[in-house]
Amino acid sequence: MTTWFISGTGTNVGKTHFAQTLVCSLKAVLPEVVGWKPIETGVVAGTIGPDEAALAGHSTRKAPPTMRLVMPVSPNVAARNESKNINVSALCTHLFECSKTSEVVVELAGGLYSHLADGVSNADWVRQFGSVLLSQRRAPAKLVLVAPNRLGVLHDVGACLRAAAYEHISVAGLVLTNALERETQRASDPSVETNFQSLLCEALLESVALCELPYGSVQDLSVHGAMATFLAELRRPNDAALDGD
Ligand SMILES: Nc1ncnc2c1ncn2[C@@H]1O[C@H](COP(=O)(O)OP(=O)(O)O)[C@@H](O)[C@H]1O
Ligand SMILES: [Mg+2]
């Protein structure tokens, strides 16, 4: 069973969309797949947040609980506002237990340097969980970075890859996602035609699986095809994996 961490170059870049697409694609080849949003901020009090709902809707089993926080800010600030505590070790335990029986796709709240708990970034959590897996002689988790196909993405991807390398976190895959139909995008942003090719020249992506995800859902043939190729590359054993501490 592999654990997948889905991070991104920022927020509103397509992490949930890709995470749910990945859950659907994994379900085609594996019996138990869970999509988990450990902490969701900006959730209307008394409701289930959109990311949690989207991932739960595609999972074959119940995910560990999502901490729902009202303020649309980073998790640590939103938790403080409600006098709640984010316990990173407890997140590791929930994830480890779930990963014993299911493939788990975890959508991180933001990028690697987004603040998760006070003094703890997503990168810290990913590394901490890597240590748990290592200590239990389990296969390492895989981290996929999601980036939106738009002007500026080359810098954002380059910066994230360098941050990951600095944090000793291997990036297994990079998804360049198209949130609009190509014709619509091209009219206002010609870079959408060249960004993927430009990323192929990024030295840090040499051993990283790459995917340009077309606009649409996993039911669309083009998305299905792109995901099948991407998954085959990502699931190759001993490909880029998260280092344990
Ligand atoms: N490949 C895609 N096809 C269709 N819509 C997409 C695609 N990628 C991103 N989107 C849309 O872009 C918006 C932001 O994506 P989302 O997954 O919610 O971002 P994040 O989780 O990073 O905040 C959503 O409306 C989502 O449906
Ligand atoms: Mg999301």
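Ligands are counted one by one from 1 in listed order, and the atoms in each one are counted from 1 as well.
The protein reaches atom 2 (C) of ligand 1 closely, with a heavy atom under 4.0 angstrom from it. In this structure, atom 25 (O) of ligand 1 has no protein heavy-atom contact shorter than 4.0 Å.
At a heavy-atom distance under 4.0 Å, only backbone atoms of Asn178 (N, CA, C or O) approach ligand 1. At a heavy-atom distance under 4.0 Å, no atom of Ser217 approaches ligand 1.
The distance from the Mg ion (ligand 2) to the nearest N/O/S atom of Thr16 is under 2.8 Å. The nearest N, O or S atom of Asp51 is closer to the Mg ion (ligand 2) than 2.8 Å.
At a 3.5 angstrom cut-off on N or O pairs, Gly10 does not count as close to ligand 1. Where the criterion is an N or O separation shorter than 3.5 Å, residue side chain and backbone included, Tyr215 fails it with respect to ligand 1.
Side-chain contact of Trp36 with Glu107: a donor-acceptor pair under 3.5 Å is absent, judged by distance alone.
Among all non-hydrogen protein atoms, the one lying nearest atom 14 (C) of ligand 1 is Asn12 OD1, 3.1 Å. The nearest protein atom to atom 11 (C) of ligand 1, hydrogens excluded, is given as Ala179 CB, 4.0 Å; this is a heavy-atom distance. The protein atom (non-hydrogen) at minimum distance from atom 19 (O) of ligand 1 is Gly14 N, 2.9 Å.
In this comparison of Thr177, Thr16, Val175, the heavy atom closest to atom 8 (N) of ligand 1 sits on Thr177.
For Lys15 and Asp51, the salt-bridge test fails: no basic side-chain N is under 4.0 Å from an acidic carboxylate O.
Under a 4.0 angstrom heavy-atom cut-off, Pro148 registers as lying outside contact with ligand 1. Using a 4.0 angstrom heavy-atom cutoff, Gly216 counts as in contact with ligand 1.
Close approach to Val13 involves these atoms of ligand 1, each under 4.0 Å from a residue heavy atom: 19 (O), 20 (P), 22 (O).
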